[in-house]
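Worksheet: one structure, shown below.
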Amino acid sequence: MALTKTINIDGIPATFKASASVPRLYRVKFGRDIYKDLRQLEKAVGEGDENASNLDMFSLEMFEDLAWVMARHADPKGVPDNPDEWLEQFNTFSIYQILPELIELWGLNVQTQVETKKTSKN
């Protein structure tokens, strides 16, 4: 079961979707493992303190790629074909505000899948 969440970014509502197909979409588009990248992003952001974080340029790119895949998954016709075009619609925004929301959405999706598997075994 897919989950969606709308997050206000720079005054623009952006809808994100988490489902079992997101890891594949991410891997096909970027050639990376979404689970490893999410773990790395969580470690880099830490407790959400901008001064204590370890975000580098690659981490920022991972975040942008992840956000774009989840946004495009939610709205394939409304979200441009690449992350750069999608990001153009926003002014600068804080990864520290958006990333925790995406991680929470992804976590809820994974939790829902695990609960579904448990229920189907009974």
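Count residues from 1 along the sequence.
Contact record, P83 with F30: CG-CZ, 3.9 Å, taken as the closest heavy-atom pair. Annotation for I95 and P100: closest pair O-CD, 3.7 Å, computed over non-hydrogen atoms. In terms of heavy-atom proximity, P13 sits nearest to N8 at N-OD1, 4.0 Å.
For R24, the side chain to side chain contact (heavy atoms under 4.5 Å, CB included) test picks out R27, V28, with sequence neighbours left out. N82 pairs by the side chain to side chain donor-acceptor pair (under 3.5 Å) definition with E85, not counting sequence neighbours. Under the side chain to side chain donor-acceptor pair (under 3.5 Å) criterion, R32 pairs with Y26, D37, D65, sequence neighbours left out. Partners of D84 according to the side chain to side chain donor-acceptor pair (under 3.5 Å) rule, which considers only residues two or more places apart in sequence or in another chain, do not exist here. Scanning for side chain to side chain donor-acceptor pair (under 3.5 Å) contacts around E64 gives an empty result, with sequence neighbours left out. Under the side chain to side chain contact (heavy atoms under 4.5 Å, CB included) criterion, P23 pairs with I34, Y35, W106, not counting sequence neighbours. Scored by the ring-ring contact (aromatic ring centres under 6.0 Å, His included) test, F93 finds F90 as partners (sequence neighbours excluded).
The structure places CG of L66 at 7.0 Å from CG of L41, a figure rounded to the nearest 0.5 Å. Taking CG of L60 as the start and CG of L99 as the end, the distance is 10.0 Å to the nearest 0.5 Å. Note: I9 CD1 to Q89 CD = 8.0 Å, rounded to the nearest 0.5 Å. Here the OG1-CD1 distance, from T15 to I7, works out to 9.0 Å after rounding to the nearest 0.5 Å. Atom CG of L108 and atom OG1 of T4 lie 11.5 Å apart (nearest 0.5 Å). Atoms CD1 and CZ, on I98 and F16 in that order, are 6.5 Å from each other to the nearest 0.5 Å.
The salt bridge (Lys or Arg N to Asp or Glu O under 4.0 Å) contacts involving residues 4-19 comprise K5-E101, K5-E104, where partners must be two or more places apart or lie in separate chains.
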